[in-house]
Participant: 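Below is a structure I'd like to ask you about.
Fair warning: this is a prediction, and the values are worked out from it, not measured in the lab.
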Amino acid sequence: MGFTLCSSSELSYPSLEGLRNAKANPVASKSFTRAGGYIKKHYFLSSYSDARKLVISSHLVPGHLEGSFMGKKQQVEPRKKLEFVRTLLIDNYDSYTYNIYQELSVINGVPPVVVRNDELTWKDICCLLYADGAFDNIVISPGPGSPTCPADIGVCRQLLLECWDIPILGVCLGHQALGYAHGAQIVHASEPIHGRLSEIEHNGCNLFANIPSGRNSRFKVVRYHSLVIDAESLPKELIPIAWTASDDTLSFLETQKFDAIPDAYESERQKANFDSFSAKNGSYWGHVNGTKSRKVVMGIRHATWPHYGVQFHPESVATTYGRQIFKNFREITKDYWLQMSLSFSSDRNIHYTASMQVPHATGLFGAVHTGRQSVKKADFRVNGEACSSGQFMRGANQRNLGFLDMVNILPPSLGAKFLRLKWRKLGHLASEVGGARNIFTELFGKNKAENTFWLDSSSTEKGRARFSFMGGKGGDLWRQLTFRLSEESDTAGEHGGHLLIEDTKGFACSKILEEGFFEYLNKELLSLCHEEKDYEGLPFDFYGGFIGYIGYNLKVECGAASNAHKSTTPDACFFFADNLVVIDHHTNDVYVLSLQEGNTTKTQWLDDTEKKLVSLKGSATRQLHERISKPVANTPHEAGFLSEKSQKQYVSDVEKCLEYIKDGESYELCLTTQFRKFIGEVDPFRLYLHLREKNPAPYASWLNFSKENLCICSSSPERFLRLDRNGLLEAKPIKGTIARGTTPEEDERLKLQLQYSEKDQAENLMIVDLLRNDLGRVCEPGTVHVPHLMEVESYATVHTMVSTIQGKKQSNVSAVDCVKAAFPGGSMTGAPKLRSMELLDSIESCSRGIYSGSIGFFSYNQTFDLNIVIRTVVIHENEATIGAGGAIVALSDPEKEYEEMVLKTRAPANAVMEF
C-alpha cells in the first residue's frame, strides 16, 4: 500500500500573510483581566514523567503521525475501533463553544464534557486524562483575546505542550494557541475578518479527508479572527496544512451561487488536489500578474504529535464541510488509539477498553450529558498526592450548562400549588367589537390603564405573530413582583437583590433573594402543578402566569461578571396574571381565561367579562382619539430628546469598538446609547395607542406598573426566545437595518441593498451562530437548526434582516434555564457575549435599564415567549427614555453607524413628539 507523506521539508510556502517583516510586530501580551480577577494555580509535577509511563512510553510515539497510521499493516490480530469518542471540550469563554458541543455530540456518539479554561487546575486535568482515562481527545474552543495573554487561554498552553500523547484539535484561538505554544508568533491580520467566508486550499491530510480543495471547490469556511499565526515564524515541528485560496472574502449570499455540497467528493479529485501541493519548489503557489498571492494559514498540525489547529470555524452554520472536519478528527482519534493498542498495552488502555464494554453507563456525567466511566482507576499521584476527579465528573452536567444552576426538583420547603384553568371561546368576536384596541380600552383602559398588561401583536403580516394577551389587576392569585439588584451586584460573583411582592388587596411584603431573581422565578414556576387537559383545545401557549419584563442588568445572573451602571428602574417587574383575555388575529376568536387554585366552581370573572365583550358590539366603530398630524422629526433631537452622548462622542465610541475588534477582543460589539425627554403629566396609555398605530410590530407591548410610576410602550419587531408546549425553542434575532424608501422603486432598491450588504450579512451570521450556541446549551444534541437565514422583513419605517433558530429543549431543563442560557439576547450584546458585555460596560456611560432586556410571559405550564426591548419608550417618573444602538463589526463605518442608530429612534421619538 503506497502513500505520499507530507512533511515540512516537502512544502514550499506561499507568500503567507503574517510573514515577519519590519511592519509585522508580534501582538503584545496585553493584560485584559476579567472583572473579578484571574487566579491561576500552577502545578509542577515532579512525578509527572513517571505518570506518563502509565499511558505511553516515548519510544513508542510514531515518528510521523500522519504516516504512522498509513504504513504497512502490522501482522497482529486486528482490533476493533472505538464505537464512540469521549471529548474534553475546553471553553475559552466563547459564544460558539456549544455549537462545537452540538456537533461533537452527534458525531462522537456521546456528548463532550465542557470545562472552562480556568475551571480546573493542571492537577485536575492530569487526573481526568491519565489517572481516570476519562477522555479520548481534546478540543480547544475559539475565544476572545490572544494566546499571548495567559488569562485568555488558561490551561490550554500547558495542555498543548504536555499532552503530546492525546489527540487535540484547536479552533481559532485554539489554533493560534497551538502555534504560540511551540514558538510561532501571533500578529495582526491585514484586516479583521468576522462573519465572512473564504475558500480554502489544503494538503489532503487526514483532517481534510473527503473535503475538496481550492477555488470554486465548494469548500468555504466562516472566519472570525483579527489575529493570525506568523507563517514564517512556524517552527519545524508545526506544518501548515491549509490556507486561504485567494485574497478575497465572500459574503454568505455570494457563496449561494454555487451548487449544493456533494455527499461525497471524488477520490480522484482529492488526489489531484493533494498532488498539486507537492509540486516541486511549490510551483502550485505560482504568481498572479507577476505578484505573489498573500495567503493566510488556515490550518496547522504537529509533525509527530496528534495535534491539529484550524483558524476558521468549522462549527458555523455557513461553513461547508464543517461536520466532515469533526468526523475526520474523530477518525484520527480512533486510528490513534487503535494504533497504540496494536503497539503496546497500558493501564490507560486496559481501563479504556473496559469502559467501552459499558456503552449505556451514565454515572460519569449525570443525567443531562452522558459519558463513559472507567471501570478501574489507576493509582495516580501528583507530587505524592493521590488525585481523583470523581466529584468534578459527577457535577459535569451542570458544568456543561456553564453558569446554569438547574433546579429541576421541587425543594421540600416550597409549597406546591395546584392550579385549575377555566376558559371560554367567543368565536369571531374580535372583528365584531372593533378589534384588540377597542377590547383593551373598554376592559382595561380606565384610570390610565393602571396595573395592566398587553402583549400586542399589532402587526400580524406574513404570520409574524398571531395572538395578543391582555389583562389587569384582579383575581385571588394576582400579585406584582418588583426586583432590584443589590449594590453588591455591581461586583463579580454577586447577584442577589430585594424583591417586593404585593397582592391584589394591596398587602406587600419584601424579601432578600440571595440567589437572584431567576432562581426565585424558577422555583415559583416549579411549584405550580396543573393538569394538561385544562388547556387542551387552546391554540396558544400562555394560560396564565408571570407577565412583565427582565432588565438588561440581570445579565449578572446569566454569567456576566458585573454591572458597571445601576438602573434607575427596577431590574425586573412581573404581574402574576390569573385572569386574561386572548385574541386570535387569524380567526378573530376571543378567549377568556381564569386561573384558580384548587377545585373551585367560581366563574364570576368569566361571566362578567363575556358580558362586557358582547356589549361592545354596538360601539365597535367609536373613535377612541383624535388623529394627530404634525411634522415628522428625522432625529430624536428634533423631537426634543437629549442624548447621553453627542454625535462626536458616539463616533468615538464606535472607533473604540473597532480597536477592540482589531485586537481580537470581540467579533462584534452592540454599542448603544440613551435619549431622554421630560414629558410631564401625560397619559402614557394614549401615547402607546398612538405608537402602535404609527409603528405596528409583532412583539409590541404595553406594561403599566403604577406603584413604580413606570410605563413601557414597546413596538418591538424582534423575538428573543420562545418555548412552546411541545418543547420547541425558537429565537428570531434581527441584525441589519435600513430605512424604507419614499417610492416603491426606491424601497425595493433599499431592500435589496440590505439583503446583499456584506457588512449586514456578517452581523447577522455572527449573531445566528451565537444564538445557535445559546440554544445548544439546553437543546437535545442534533436538534438545533436554522430554518430561515438572513430574510428581509419590512416594517412601517425600516427593513430588517431576520433569521430563525430552533431546537428541541432537553427534557430535564426548565423554562428559566433556557432563558438564562441565552439572556441577554445576543443581538444586543455581540460576540463573544461575556467579553463583549464587559467591553460595552466600559464604553457606555449609563445603564441600559429595561432597554436591551426582554418583555413577555412565563406560563404556569413552563412555556414562555419574550421579545427584545427595542423601538421602545420607557416612561419613568415623568421622563421618556429611548434606547438605540447598532452592531459594530470590522466593516463598520463610524459615521454610518451613528446614522443607523438615529434611524432606529425615529418611530418611537416621533410618536412622543406627535402625541
Participant: Do the side chain of D152 and the main chain of S146 share a donor and acceptor less than 3.5 angstrom apart?
Facilitator: yes

Participant: When you compare the side chains of T121 and D124, does any donor N or O come within less than 3.5 Å of an acceptor on the partner?
Facilitator: yes

Participant: For the pair N137 and T87, evaluate side-chain hydrogen bond (donor to acceptor under 3.5 Å, both in side chains) and give the outcome as yes or no after the intermediate values.
Facilitator: CA-CA 5 Å; N137 65 23; T87 296; 2.6 Å; yes

Participant: Would K295 and D247 pass as an ion pair if we require N to O under 4.0 Å?
Facilitator: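 The answer is no: the pair does not qualify as a salt bridge.
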
Participant: Enter the distance from D136:CG to K334:NZ here, rounded to the nearest 0.5 Å.
Facilitator: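 Separation between the atoms: 10.0 Å.
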
Participant: Look at the side chain of N328 and the backbone N and O of Q324, then say whether any donor-acceptor pair between them is shorter than 3.5 Å.
Facilitator: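 It does hold such a pair.
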
Participant: Distance from I325 atom CD1 to L169 atom CG, nearest 0.5 Å?
Facilitator: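 Rounded to the nearest 0.5 Å, the CD1-CG separation comes to 8.5 Å.
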
Participant: Does E199 reach the main-chain N or O of N216 with its side chain, forming a donor-acceptor pair under 3.5 Å?
Facilitator: yes

Participant: Check whether the side chains of S198 and R223 place a donor and an acceptor atom closer than 3.5 Å, and report yes or no.
Facilitator: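 Per modelled atom types, S198 and R223 side chains form a pair under 3.5 Å.
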
Participant: Between H225 and Q311 (side chain of the first, backbone of the second, donor and acceptor by atom type, cut-off under 3.5 Å), is there such a pair?
Facilitator: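 The answer is no, because no donor-acceptor pair under 3.5 Å joins these two groups.
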
Participant: So, are R157 and E162 salt-bridged, with charged N and O less than 4.0 Å apart?
Facilitator: no

Participant: Please report the closest heavy-atom contact between L839 and S666, naming both atoms and the distance.
Facilitator: CD1-CB, 4.2 Å

Participant: E103: which residues meet the side-chain contact (heavy atoms from CB on, under 4.5 Å) condition with it, sequence neighbours left out?
Facilitator: I107, R323, F326

Participant: I'd like to know if the side chain of S213 and the backbone of H202 have a donor-acceptor N/O pair within less than 3.5 Å.
Facilitator: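 Side chain of S213 to backbone of H202, a donor-acceptor pair under 3.5 Å: yes, one is there.
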
Participant: Looking at every non-hydrogen atom in both residues, tell me the closest pair between M298 and H175 and how far apart they are.
Facilitator: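 Minimum heavy-atom separation between M298 and H175: C-CE1, 4.3 Å.
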
Participant: State which residue, out of K662, E665, H188, H194, fulfils the side-chain hydrogen bond (donor to acceptor under 3.5 Å, both in side chains) condition with S226.
Facilitator: H194

Participant: Check whether S217 reaches the backbone of G214 with its side chain - one donor and one acceptor, N or O, closer than 3.5 Å.
Facilitator: yes

Participant: As a quick check of understanding, evaluate side-chain hydrogen bond (donor to acceptor under 3.5 Å, both in side chains) for T829 and S836, giving each step before the final call.
Facilitator: CA-CA 6 Å; T829 64; S836 295; over 6 Å; no

Participant: What residues form a ring pair (Phe, Tyr, Trp, His ring centres under 6.0 Å) with H313, not counting sequence neighbours?
Facilitator: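 Residues passing ring pair (Phe, Tyr, Trp, His ring centres under 6.0 Å) with H313: Y96, Y224.
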
Participant: Taking G782's backbone N and O only, do any of them form a donor-acceptor pair with Q102's side chain (distance below 3.5 Å, no angle check)?
Facilitator: yes

Participant: Would you give the length of the straight line joining atom CG of L178 to atom CH2 of W305, rounded to the nearest 0.5 angstrom?
Facilitator: 9.5 Å

Participant: May I ask you to decide if I166's main-chain N or O and H307's side chain share a donor-acceptor pair within less than 3.5 Å?
Facilitator: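 Checked: pair present.
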
Participant: I'd like to know if the side chain of N210 pairs up with that of Y321 as donor and acceptor (distance under 3.5 Å, no hydrogens or angles considered).
Facilitator: no

Participant: Give, for atom CG of L671 and atom CD1 of I888, the distance between the pair rounded to the nearest 0.5 Å.
Facilitator: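 So the gap between those two atoms works out to 5.5 Å.
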
